[in-house]
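Chain identifiers are assigned alphabetically (A, B, ...) following the order of the sequence lines, protein sequences preceding nucleic acid strands; residue numbering begins at 1 within each chain.
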2 protein chains.
Amino acid sequence: MRYFVAVAEELHFGRAAQRLGIAQPPLSRAIGQLERRLGATLLARGNRVVTLTEAGAVLLREARAALAAVEAAERRTRRAALAPAGQAGVVLATKAGASGELLAKLLDAYAAEPDAVTVDLLLCGVGEQGPMLRDGRADVALLHLPFDTTAGLDTEELRTEGQVAILPAGHPLTDRPRLRTADVTGLPDLPMPRWPGPDGTYPAGPGPEARDHTQLLQLIALGRACWIAPESCRSQLREGLAAVPVDDAPTVTTVIAWPPHSRSRGVAGLVRTAVRVCS
Amino acid sequence: MRYFVAVAEELHFGRAAQRLGIAQPPLSRAIGQLERRLGATLLARGNRVVTLTEAGAVLLREARAALAAVEAAERRTRRAALAPAGQAGVVLATKAGASGELLAKLLDAYAAEPDAVTVDLLLCGVGEQGPMLRDGRADVALLHLPFDTTAGLDTEELRTEGQVAILPAGHPLTDRPRLRTADVTGLPDLPMPRWPGPDGTYPAGPGPEARDHTQLLQLIALGRACWIAPESCRSQLREGLAAVPVDDAPTVTTVIAWPPHSRSRGVAGLVRTAVRVCS
DNA sequence: GGCGGCGATACCGCACGGGTATCGGCCCAG
DNA sequence: CTGGGCCGATACCCGTGCGGTATCGCCGCC
């Protein structure tokens with residue numbers, strides 16, 4: 001299956017073999033055997049070009065999930081093994097720079113619990129928490145709807161908040177008590193910065209490139225950009241920045257999420273504490 | 001991993017090997033290798049008794065999920081392969097005897113859709129739909145909260161209804177306009193029937209044994225039992241039965257559920273139709 | 001028409017999975 | 001206290017299968 005996923009992603013037997021660290025002929029054979037075993041043509045070998053068939057597309061999705069599941073099994077078992085005894089820690093994944101005080105409150109409150117286990121933090125980029133949970137690199141995560149997807153995860157809602165526009169202090173818009181999205185997105189002098197996608201490249205368009213929150217805030221303070229963010233980030237604003245509520249921006253819901261079948265004692269305690277802290 | 005799950009379930013190498021159709025020594029070795037690869041002791045070989053370690057318990061849960069995922073991958077790919085072209089059907093799992101008219105309405109409405117694909121029905125027992133979805137025997141299912149668990153599934157709510165007590169016609173309680181749970185569960189002359197568990201055995205206790213809804217209704221009509229069921233089952237009541245609303249019984253929510261990563265065109269259409277039909 | 005890219009096929013060797021035989025520890029019966 | 005039986009581990013052997021190299025067949029392109 002790993003082999004098939006590699007070929008399906010590369011759409012090229014030679015490159016896929018290289019990526020897998022094996023030679024091309026065994027790979028061809030392996031795919032052939034898989035196709036015979038499943039009774040399905042997975043790849044259409046056109047002239048000099050390989051395409052996914054419908055069955056192949058189905059298998060690609062399913063195989064990715066399956067591979068993530070076995071990776072998760074290995075990782076979680078390894079972690080459970082090296083824990084002392086009855087004290088397997090949990091790994092909490094969260095976006096770097098988001099939910100700062102909520103996270104702090106949660107960790108403090110949880111550490112005070114009588115049966116608390118150690119909590120390791122795993123800071124990751126936007127939208128990476130889902131995969132982290134699915135392949136076992138993390139056990140529980142803080143997500144932010146509607147930006148993250150909770151498909152396939154169990155969740156508890158923690159907090160709902162509006163969004164604010166982050167502007168350079170002194171900008172004309174900061175005099176207004178509230179704004180609308182259109183007021184902010186259409187500013188020629190303050191474009192929204194561009195973020196690198198999952199592949200590390202920046203989308204085309206106007207606006208400066210920013211790689212993390214620090215850079216972003218710096219750009220705003222310099223009067224080169226603006227941004228819309230959950231209102232809880234107000235507590236982290238440095239000098240030179242102002243925040244104005246944006247009425248029609250989607251509300252952001254912070255949820256705590258975990259993979260459905262792995263509700264260990266540590267995860268359960270953390271979830272319970274999170275719900276209690278936020279209610 | 002299959003090997004490990006077998007041993008973990010049997011807690012006995014010999015029996016596990018027999019179940020797997022291999023000899024015991026290779027099995028011992030395989031488990032040993034797995035333990036070395038993961039760097040974890042999975043099974044505590046006590047004197048004449050094998051126990052799961054904590055790490056083993058973790059792996060058991062994770063491995064079950066992983067195995068279900070690869071089974072699902074194989075099954076779904078096979079099904080996708082033998083479909084004509086762009087017309088992969090979907091398998092809809094539902095409890096036998098539940099949601100009858102809703103199901104009929106849904107299938108009718110969906111069949112009338114322009115891009116409908118064939119829908120195969122898979123009737124299964126209580127609580128089996130989740131596993132069916134997870135290991136690929138089904139693509140979409142109708143579940144009933146709070147009886148079924150939706151952990152790890154994407155869902156859309158379809159309908160919420162109260163519950164009614166099903167009593168033999170003419171029973172004194174049928175004169176009351178509404179009941180409370182305690183009124184029904186404590187009746188010495190009309191005990192609740194016992195259902196076989198997932199393993200096929202009946203729990204101990206009073207009450208007759210019933211294997212399906214037909215038997216159940218028959219028992220009630222004969223004045224030997226009573227039952228509490230969603231009110232939509234009223235339409236299926238045969239003569240000799242009466243239904244009285246039970247106020248404090250938990251409301252039953254019918255949801256349509258599907259595995260999160262496999263939202264194919266067919267599943268999406270079915271879900272859309274279901275939501276439309278029920279709103 | 002020759003060349004080059006790419007997947008399939010042919011063939012070989014080794015490593016790993018599975019089998020049988022046997023050991024070692026433990027409980028229990030006598 | 002000792003022998004037998006149960007059960008998992010170990011030792012050793014064998015065949016299958018996976019991975020490697022060499023080569024073919026096909027097609028597009030210069």
Is a side-chain donor or acceptor of A:Asp154 paired with a backbone partner of A:Trp258 at a separation under 3.5 angstrom?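 Answer holds: no.
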Taking B:His144 for the side chain and B:Phe147 for the main chain, is one N or O donor matched with an acceptor at less than 3.5 Å?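 No, the answer is negative, given that no donor and acceptor are paired below the 3.5 Å cut-off.
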Between B:Ala30 and A:Arg15, which has a closest nucleotide on DNA chain C that is more 5'?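 It is A:Arg15, whose closest nucleotide lies nearer the 5' terminus.
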Expressed in angstrom and rounded to an integer, what is the separation of [X] atom [atom1] from [N] atom [atom2]?
X	N	atom1	atom2	value
A:Leu42	C:dG7	CG	C1'	16 Å
A:His12	C:dG5	NE2	P	10 Å
A:Leu34	D:dG17	CG	P	16 Å
B:Leu27	D:dG8	CG	P	9 Å
B:Gln33	C:dA15	CD	P	15 Å
B:Tyr3	C:dG17	OH	C1'	8 Å
A:Glu35	C:dA8	CD	C1'	12 Å
B:Arg2	C:dG18	CZ	C1'	13 Å

Salt-bridge contact [X]-[Y] (side-chain N to carboxylate O under 4.0 Å):
X	Y	result
A:Arg265	A:Glu113	no
B:Glu156	B:Arg272	no
A:Arg19	A:Glu9	yes

When you match B:Arg29 and B:Phe13 each to their closest nucleotide on DNA chain D, which lands nearer the 5' end?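 In this pair, the answer is B:Phe13.
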From CG (A:Leu38) to CZ (B:Arg76), nearest 0.5 Å: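 Going from the CG atom of A:Leu38 to the CZ atom of B:Arg76 covers 14.0 Å.
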Please name the pair of heavy atoms, one in B:Ala72 and one in B:Gly136, separated by the smallest distance, quoted to 0.1 Å.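 The answer is CB-N, 3.5 Å.
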For nucleotides 22-28 of chain D, give me one character per nucleotide, 5' to 3': B if any protein heavy atom sits under 4.0 Å from the base, S if the only such contacts are to the sugar-phosphate, - if neither. B----BS
Quick check for you: among C:dA8, D:dG20, D:dA9, whose closest atom lies nearest to any side-chain atom of A:Ser28?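 That would be C:dA8.
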